[in-house]
Each structure stands twice: as C-alpha cells, then as structure tokens.
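Here the structure comes first, spelled out in structure tokens, and everything after it is commentary.
Scope of the values below: all heavy atoms of this structure, side chains included, with no hydrogens, waters or symmetry mates. The sequence lines fix the lettering, A, B, ..., with proteins before strands; numbering per chain opens at 1.
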Number of protein chains: 2
Amino acid sequence: MSKLPARIRLADAAFALFDERGYEQTTVDDIAERAGLGRTTFFRNYRTKEDVIFPDHDRLLALIRDRLATSSHSTALVAVSDAVRLVLLHYVDEGDLARRRYALTSKVAALRDREIASVGRYQRLFREFIADWMGGPTESASLRAELMAAAVVAAHNHVLRRWLRGESSDPVAEVDEAMREVLALFPAPGSSPEPGGTTVVAFRTAQDIDTLLPSLRRLVEDGAEH
Amino acid sequence: MSKLPARIRLADAAFALFDERGYEQTTVDDIAERAGLGRTTFFRNYRTKEDVIFPDHDRLLALIRDRLATSSHSTALVAVSDAVRLVLLHYVDEGDLARRRYALTSKVAALRDREIASVGRYQRLFREFIADWMGGPTESASLRAELMAAAVVAAHNHVLRRWLRGESSDPVAEVDEAMREVLALFPAPGSSPEPGGTTVVAFRTAQDIDTLLPSLRRLVEDGAEH
DNA sequence: CAAGCTATGGCACTGAGTGCCGCAAGTAAA
DNA sequence: TTTACTTGCGGCACTCAGTGCCATAGCTTG
C-alpha cells in the first residue's frame with residue numbers, strides 16, 4: 001500500500017487537510033507528514049503551497065498556446081473561442097477536483113487572487129493572438145482585440161462558474177451558446193454592417209419627404225420593439 | 001529635515017531601492033533602514049511589502065462602490081462607465097508614481113499578479129452592480145452583465161496602459177471614446193436599432209447612381225481598414 | 001505633576017521557500 | 001559481482017515576510 005506516487009499522495013493529503021482545517025491553518029509540514037513524506041519532497045513536487053491546488057495551469061496554458069499557433073479558423077475570434085473550449089473541457093474533465101478547488105478559492109482570498117491572475121494570463125494570450133492576427137497595430141484594432149479577449153474569457157468564466165456551482169448540466173452546450181453571443185457582439189466586417197459602421201441605402205421616390213416621415217417613424221418604432 | 005511622515009519616507013525609500021536593486025532583491029529591512037525607521041513601523045504603515053506599491057487600492061475600490069451606489073444614470077452600463085472614469089483619473093493624478101509602478105509590475109511577475117487581482121475586484125464589483133441593476137437573475141442577463149463588466153474594464157485597461165506607456169496625451173478623451181465603443185457593443189433596447197437592425201438613410205442627389213458608385217465603394221473599403 | 005494616548009523600536013516567533021549535503025535503491029556497464 | 005551513475009527522498013540550516021507582545025519616548029489633557 002501507499003505505492004501511489006508522491007505527487008498524488010501529497011495532493012490527497014493537502015486537500016484532505018484543507019477541507020478539515022482550512023487552507024491557512026494547514027502548513028506544508030502538516031501536508032508532508034500526512035502524506036508520510038518529507039517537507040523537501042513537497043517542494044520538489046510543487047513549487048509553492050498554492051501549486052498543489054493549481055497543478056497544471058502552466059501545462060494547460062502551453063496547450064492553448066499550441067492550439068492557437070496551429071489553428072486555422074476564419075477569424076481570430078473563432079480561433080480563440082475554440083481554444084477556450086479546451087479550457088472548459090479541462091475543468092469538466094477534472095470533475096469533482098475542480099469543484100473542491102472552487103470551494104477553496106471561494107473561501108480563501110489568496111487563492112481567489114491566484115486564480116484570477118491565472119485567468120489573466122489566458123486573457124493576455126488571447127489578446128496578443130487577436131492583435132497579431134489583426135496585423136496592423138492600429139489603435140482601434142488594439143482596443144478591439146482587448147475587448148474581444150475580455151469577452152471570450154468572461155463568457156467562459158460565466159459558464160464555468162455555473163458548472164462549478166452545479167447550475168449547469170451541459171456546460172459544453174452552454175459555452176457554445178455563450179460564444180455565439182460573443183461573436184454576435186463583434187460582427188465580422190463584410191458579413192454584416194458593424195455596429196459603429198455606416199449603412200448606406202440609396203433609394204429614390206416620387207413622394208415628398210413629409211409624406212414619407214410618418215411611415216418611416218412607425219417602421220423605426222416597431223423595429224425597436226424586437 | 002526628514003520631518004516627512006513615516007508613510008512617505010518609507011514609500012520613497014522603497015521605490016528608490018526597487019529602482020536600484022529590483023523588487024525581489026530588496027528586503028523590508030532594507031527599506032526601513034533606508035528610511036531611518038524600524039521594521040515594525042514599516043508593517044504598521046503597510047500590511048505587506050507589495051502594499052507599499054499599491055497603497056490605496058482599497059480606498060479607491062470603496063470610492064467606486066460609493067459612486068455606484070449613489071449614481072443615477074439611465075443604464076447600468078453608463079453608470080459603470082462613469083465610475084471607471086474615476087479609476088483612470090486616479091491613476092492620471094498619480095502621474096509619475098503610476099508610471100514607476102507600471103515599470104515595476106511589468107518586470108516582476110508577483111506584482112503583475114497582484115495588479116491583475118486588484119482589477120478583478122473592480123470587475124467583480126461592476127458585474128454585481130450590473131446584474132443587480134438588471135433585476136431578474138435571468139441566465140442571459142447574468143451572462144450579459146459579465147460581458148459588460150469585462151468590456152468596461154478591458155477598455156479602461158487599454159487606455160490606462162497606453163497612457164502609462166506614454167502613448168497617450170489625453171487619456172480622458174480616449175477613455176470616453178473607448179466607452180462609447182463599449183456602449184455601441186451593447187445597444188440599449190429601444191434607444192437605437194440593434195446590430196442586426198436596419199439603418200435608414202434618406203438622401204437625394206442630382207447625380208446618377210452610376211456616377212456615385214465608385215466613391216461609395218471607396219468609402220466602404222476605407223471604412224473597413226480602420 | 002500625573003494619567004493617557006500615539007508613534008515608534010526591539011524582539012521573538014511562525015511559516016513559506018531555497019540550497020546543500022547525504023543516503024538509499026535501482027540501473028547500466030565493467 | 002562490483003563499480004559507477006542516476007533518481008527520489010530526508011534532513012538541516014538559512015533567508016525573509018508577516019504577527020504579536022512589550023517597552024519607551026514624546027506629546028497632550030486633566
């Protein structure tokens with residue numbers, strides 16, 4: 001027995017103790033002792049005490065980076081939406097572990113900060129990818145890239161949190177729906193007019209402008225209702 | 001001489017040492033010694049070593065919270081856009097200090113994480129405000145609130161970073177412009193047609209349609225470029 | 001003058017994280 | 001089998017951030 005690799009035994013001990021006494025009340029010595037290992041071994045497997053909770057953020061981040069680098073999508077936003085799916089799937093695969101981590105990060109401010117900082121790295125990656133994809137470092141393109149990255153991450157977090165709280169039974173479908181909503185916020189140029197853009201309609205009529213106005217007003221008001 | 005309050009002397013000493021040796025190479029003892037004060041006094045004035053760089057995030061956050069609580073705007077998004085202006089103005093007022101902080105956070109990962117975590121608190125505040133304002137905890141309203149909060153914060157960060165890097169001479173005008181862009185992403189129902197709607201433009205000219213087409217085409221294509 | 005308040009310094013302690021040394025077990029090569 | 005090399009582990013001493021307690025100097029208020 002106890003043939004499990006040290007990494008696993010340490011993580012098990014850590015989560016058990018965090019549940020029992022709380023995160024701050026648990027020392028690394030406690031964890032090592034519970035795992036039947038030395039303190040040194042803990043730090044050889046996890047760089048910090050927090051790392052035992054967030055073991056593979058670096059690995060996942062690298063995975064996403066690769067996915068983006070080798071992605072062939074029509075737009076940057078679609079590529080990023082696709083990549084962020086991977087993140088969600090990773091959490092969902094973790095299952096109960098992800099939920100235990102969520103319970104901890106909800107209670108401990110230091111862990112919440114750590115989580116947010118990790119998310120910030122994804123967002124930065126996305127922002128740079130979108131900005132590169134857009135090519136010219138125009139000022140408005142840069143802002144656009146920032147907004148897009150933020151929107152994708154926000155949508156992902158929204159769905160993820162719902163799933164972590166047990167409010168969602170099909171997070172994959174939800175994230176797809178959320179991404180559709182994000183895409184709708186940023187209509188692709190050429191496919192449909194941009195929100196801030198200009199729609200040019202040329203028409204000609206024999207009627208006077210004053211005759212047209214009432215019906216035009218009705219049209220606009222009806223349109224505003226849905 | 002050295003009649004300055006301890007807080008100031010400590011901050012001056014800290015920034016000087018961070019510039020000279022770097023953040024990690026500077027201990028709290030070093031800072032206290034340089035300021036001609038005791039270590040205890042440092043921790044009485046700043047809770048942590050990082051706090052000497054981010055002194056009044058809590059105060060600013062409280063200020064924003066108040067501003068939101070007492071705000072009377074037509075929509076939640078406008079209220080939040082207005083509140084985030086305060087944050088930008090705060091940084092701009094700090095002037096050179098904010099730039100020195102930016103130089104540090106750009107180099108030291110721990111400080112960058114801390115900064116991102118702080119921003120996360122603003123975003124959370126905004127998200128909750130918008131969600132409350134929207135009333136019914138509809139699922140789609142919740143996602144919308146998340147997207148709006150993320151967009152406002154992203155736009156703010158974009159302008160702030162430009163200013164911190166010295167790329168902007170009028171950040172206040174830029175943030176207003178950026179906020180207009182954010183507002184355009186989330187058209188208020190009823191106030192203006194939705195992105196999928198129809199823009200009606202009535203005009204009249206003596207010129208033939210074929211004469212107009214080339215210049216119209218140029219207009220549209222230029223518009224797509226920026 | 002006495003009492004009390006405030007700002008400070010000193011000191012000892014906990015706990016995270018680092019670095020080094022040494023040891024045991026397994027593996028490959030002689 | 002013996003030697004040499006590698007790998008995983010434990011122990012130990014150290015630095016440094018952060019906490020808590022106690023003492024003291026200076027100033028105000030009665």
Taking only residues two or more places apart in sequence, or in another chain, which ones meet R101(A) in a salt bridge (charged side-chain N to carboxylate O under 4.0 Å, His left out)?
->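 Here the qualifying residues are E94(A).
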What residues form a salt bridge (charged side-chain N to carboxylate O under 4.0 Å, His left out) with R114(B), not counting sequence neighbours?
->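 Once residues adjacent in sequence are excluded, the partners of R114(B) under the salt bridge (charged side-chain N to carboxylate O under 4.0 Å, His left out) criterion are E50(B), D51(B).
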By nearest nucleotide on DNA chain C, pick out whichever of T41(B) and R44(A) is the more 5' one.
->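 Its nearest nucleotide lies further toward 5', so the answer is T41(B).
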Nucleic acid contacts of residues 51-58 of chain A, taken as heavy-atom distances under 4.0 Å to DNA chain C = none
Test of understanding: with ring-ring contact (aromatic ring centres under 6.0 Å, His included), list the residues that count as partners of [X], not counting sequence neighbours.
| X | result |
| --- | --- |
| F126(A) | none |
| F54(B) | H57(B) |
| Y23(B) | F18(B) |

Which of residues 104-121 of chain B sit near DNA chain D, with a heavy atom under 4.0 Å from it?
->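 Per residue number, the list is empty: none.
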Between D30(B) and T27(B), is there a donor-acceptor pair closer than 3.5 Å when you use the side chain of the first and the backbone of the second?
-> yes
Residue pairs involving residues 34-47 of chain A (criterion side chain to side chain donor-acceptor pair (under 3.5 Å); sequence neighbours excluded) = E20(A)-R34(A)
Identify the pairs formed between an N or O of the protein and an N or O of nucleotides 16-19 of chain C at a distance under 3.5 Å, and give each distance.
residue	atom	partner	partner atom	Å
dA16(C)	OP1	K49(A)	NZ	3.4
dA16(C)	OP2	V28(A)	N	3.3
dG17(C)	OP2	K49(A)	N	2.7
dG17(C)	N7	R39(A)	NH2	2.2
dG17(C)	O6	R39(A)	NH2	2.8

DNA chain D: first to last nucleotide in contact with chain A (atom under 4.0 angstrom from a heavy atom), 5' to 3', is dC9(D) to dC12(D)
Restricting to pairs with a member in residues 61-78 of chain A, which pass salt bridge (charged side-chain N to carboxylate O under 4.0 Å, His left out), not counting sequence neighbours?
-> R67(A)-D82(A)
Tell me: CG of L4(B) to P of dT8(C), nearest whole Å?
-> 12 Å
Without hydrogens or angle criteria, can the side chains of R161(B) and Y102(B) be said to hold a donor-acceptor pair below 3.5 Å?
-> no
Will you find, in the side chains of E115(A) and T105(A), an N or O donor that is under 3.5 Å from an N or O acceptor?
->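 Side-chain D/A pair, E115(A) to T105(A): absent.
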Below 4.5 Å, heavy atoms only, C-beta onward: do F42(B) and D29(B) meet side chain to side chain?
->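 SC-SC contact between F42(B) and D29(B) ruled out.
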Partners meeting side-chain hydrogen bond (donor to acceptor under 3.5 Å, both in side chains) with E24(B) (sequence neighbours left out) | none
May I ask you to check whether over 12 heavy atoms, not counting those of E128(A), lie within 6.0 Å of atom CD?
->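 Atom CD in E128(A) is packed in, count exceeds 12.
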